[in-house]
Structure formats: C-alpha cells, structure tokens
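We count residues from 1, following the sequence as given.
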Amino acid sequence: MTVVKAVNVVKDYGLNGQTVHALRGVNLDFQGGEFSAIAGPSGSGKSTFLHLAGCLDTITSGEIFIGDSSTANMTRDQLALLRRHNIGFIFQAYNLIPVLSVEENVSFPLTLMGVDKKEIKERTAKVLNDVGLDDMAKRRPKEMSGGQQQRVAIARALVKKPALILADEPTANLDSKIGREILELMLALNKSEGTTFIFSTHDQMVMDYARRLVRIRDGQIESDELKG
C-alpha cells in the first residue's frame, strides 16, 4: 500500500526578493513498512520534502497523496487533521514540552485526538515500555540525556499508531553510539509494528541503516536505490 506519493512536486520560496526553487518536479512514492532515507547536502530539498509530506507546508504545484488523499486542495484545518491522525514526527531538536513529564509529552497527541482517558493511559504505558523508558515516566525533559529525550520523541510519534513517521535529521544532536542505539530502536519498531519510516539526513550511519536510499540534489532526485 502506498503511504506517500509525490507527483511532479514543485516548491518555490521567496527570499530577499528572489525565488528559491527548493523542489523541481519531484516524483517519489513510499510503500507501507519502508525504512527509507532521503539524503543530500544542506539546501538540497530533503527537509522541504519531509515538511510537504508531513503537511507542515504546502506545495507550489504538483500533488502529494497521503494514502488515498490528495493534499493539493486541502485547507489548513484539513491538513492539520490529516497530520494529527496519520503522521508522526521526530525532529533533531526533540521538540518536547519542557513543563510536561515524559508520559504527558507522549500522551499529548492522543489528548488532542480526543482519545478516551483509559486508552490514553494504556497506549502511553505500552509505548514507553517499547522504547525502554517506562521507569522515567514522571521525569521532565531537562532531567534526561539527549538520547533519552529522542526516545521520548519516538514514543510520542508512535503512540498515535500512525501509518507514517517522518524523522528530520534524528541523529544530528547525538553522538555516534547513542545515534546507533536510536536507529536500532527505530528499526526494531519498524519491523514489529510495520510503521513506515522516512528520514532526511546527511549522516552516513542513517544511510547505512536505511533499506532504501534516495539521494536529492538541487531539488531533484539524483538516485533511488533499494538495498538488500
């Protein structure tokens, strides 16, 4: 099943009176259960693609499908609803809410979705166990290491049971040992839950872990390699 499909996607930005062509007619599709990376230098368009696929930004032209739904003519509210129910995000800066505990950070998306309190408690407990943080549920982010905070971010993304998780440079702020542990965790969750992971990265370790590697440069697909 196709989880994300981009059809001739163009994204332009205005910057200092000039037009920046971030994406130039990109065609890509990702199937359910993929563990894929989009790699390229800074300014290549990899993060732009993730933001568009995650309904965080709108395209200039072309179409993006999330499952069977085209985002091309959706309103901001419609995009927000699609994002809330179908997509999880993992950012390099973690983006945790500092005044909330670990379990409150993780359960927050379910609260926004209006999930029953009993189910919120059960799902939060399960996902914290899955990422090895069930003994840290009451801690605040500032009391945790970078690797632990990234695990919280992974749990928060997973708790919605999304078809798709987008990870923007998830190892950028971690040393190589912790980065490898995080990637091993995400790969294990990909295999056990069947969740599709798409990374944007310039980290060679992430590229090595990915089972599919898409290279992008100057807003265009340079190569698309399935690995054994």
Side-chain angles (χ1 to χ4, degrees), residues 1-13 19-40 44-91 95 109-110 112-115 154 156-170 186-187 189-191 193-201 206-207 210-227:
M1 182 186 76
T2 302
V3 176
V4 181
K5 184 175 183 179
V7 181
N8 200 28
V9 168
V10 172
K11 179 62 181 178
D12 297 333
Y13 293 101
T19 300
V20 176
H21 303 292
L23 294 177
R24 306 167 182 252
V26 167
N27 292 283
L28 274 176
D29 65 83
F30 295 90
Q31 302 300 307
E34 285 197 31
F35 197 77
S36 301
I38 301 175
S44 61
K46 60 185 185 298
S47 291
T48 297
F49 180 83
L50 248 65
H51 291 166
L52 294 173
C55 304
L56 294 172
D57 201 354
T58 55
I59 60 179
T60 301
S61 64
E63 272 192 291
I64 287 182
F65 293 86
I66 306 298
D68 296 327
S69 301
S70 172
T71 65
N73 297 309
M74 286 188 178
T75 65
R76 285 182 179 274
D77 287 347
Q78 288 171 327
L79 289 171
L81 196 62
L82 182 66
R83 183 170 64 240
R84 185 179 300 165
H85 288 270
N86 296 279
I87 304 169
F89 295 93
I90 302 168
F91 300 100
N95 287 10
L110 298 181
L112 291 178
M113 292 166 62
V115 175
I154 293 168
R156 182 183 57 190
L158 283 167
V159 78
K160 299 191 295 183
K161 300 181 180 177
L164 171 66
I165 289 182
L166 301 172
D168 194 7
E169 301 281 6
M186 288 192 280
L187 183 58
L189 292 167
N190 163 259
K191 290 177 177 177
E193 303 294 332
T195 306
T196 303
F197 281 81
I198 305 174
F199 303 87
S200 73
T201 191
V206 178
M207 298 181 215
R211 295 198 293 263
R212 176 184 175 189
L213 180 59
V214 178
R215 293 188 182 274
I216 189 169
R217 182 178 294 273
D218 298 327
Q220 295 181 305
I221 303 304
E222 193 173 56
S223 64
D224 189 348
E225 173 192 1
L226 279 173
K227 301 192 296 185

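- Between Gln78 and Asn73, the shortest heavy-atom distance links the atoms OE1-O, 4.2 Å.
- Pairs passing the side chain to side chain donor-acceptor pair (under 3.5 Å) check and including a residue from residues 44-54, sequence neighbours excluded, read Ser47-Asp168.
- Atoms CZ and CG, from Phe89 and Leu164 in turn, are 8.0 Å apart once rounded to the nearest 0.5 Å.
- Phe49 is listed as a side-chain neighbour of Leu28, based on a closest heavy-atom distance under 4.5 Å.
- Distance check: Arg84 CZ to Leu112 CG gives 5.5 Å after rounding to the nearest 0.5 Å.
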Inset, instruction - List the steps and the verdict of side chain to side chain contact (heavy atoms under 4.5 Å, CB included) for Thr196 and Ile165. - result: CA-CA 6 Å; Thr196 303; Ile165 289 182; over 6 Å; no
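- Between Arg156 and Asn95, the closest side-chain pair of non-hydrogen atoms falls below 4.5 Å.
- Here the shortest heavy-atom pairing between Met207 and Leu213 reads CG-CD1, 3.9 Å.
- Interatomic distance, Asp12 CG to Thr60 OG1, rounded to the nearest 0.5 Å: 4.5 Å.
- In this structure the side chain of Leu23 reaches within 4.5 angstrom of the side chain of Ile216, judged on heavy atoms.
- Of all non-hydrogen atoms in Val3 and Ala163, the two that sit nearest each other are CG1-O, 4.1 Å.
- Contact annotation: the side chain of Leu189 never approaches that of Thr195 to less than 4.5 Å [non-hydrogen atoms, C-beta and beyond].
- The shortest distance between side-chain heavy atoms of Phe65 and Val7 falls below 4.5 Å.
- Between Lys11 atom NZ and Leu52 atom CG the span is 6.0 Å, to the nearest 0.5 Å.
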Legend entry - Full working for side chain to side chain contact (heavy atoms under 4.5 Å, CB included) between Thr58 and Leu79: CA-CA 9 Å; Thr58 55; Leu79 289 171; 3.9 Å; yes
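- Atom NZ of Lys5 is surrounded by 12 or fewer heavy atoms from other residues, nucleotides or ligands within 6.0 Å.
- Heavy atoms only, all atoms of each residue included: Ile87 and Gly54 are closest at CD1-CA, 3.9 Å.
- Environment of CG in Asp224: crowded, with over 12 heavy atoms of neighbouring residues, nucleotides or ligands closer than 6.0 Å.
- Applying the side-chain hydrogen bond (donor to acceptor under 3.5 Å, both in side chains) criterion to Ser70, with sequence neighbours excluded, gives Glu63.
- Nearest heavy atoms, Ser69 versus Met74: CB-CE, 3.9 Å.
- Expressed to the nearest 0.5 Å, how far NZ of Lys227 lies from CZ of Arg212 amounts to 12.5 Å.
- Here the side chains of Glu34 and Arg211 are not in contact, with every heavy-atom distance at 4.5 Å or above.
- Taking 4.5 Å as the limit, every side-chain heavy atom of Asn27 sits out of range of all side-chain heavy atoms of Ile221.
- The line from SG of Cys55 to CG of Asn86 is 8.5 Å long, rounded to the nearest 0.5 Å.
- Taking the six-membered ring where tryptophan is involved, the planes of Phe199 and Phe35 are perpendicular, since the angle between them exceeds 60° and thus also 30°.
- The shortest heavy-atom contact between Ser36 and Ala210 is C-CB, 4.2 Å.
- By the 4.5 Å heavy-atom criterion applied to side chains, Glu169 and Ser200 are counted as neighbours.
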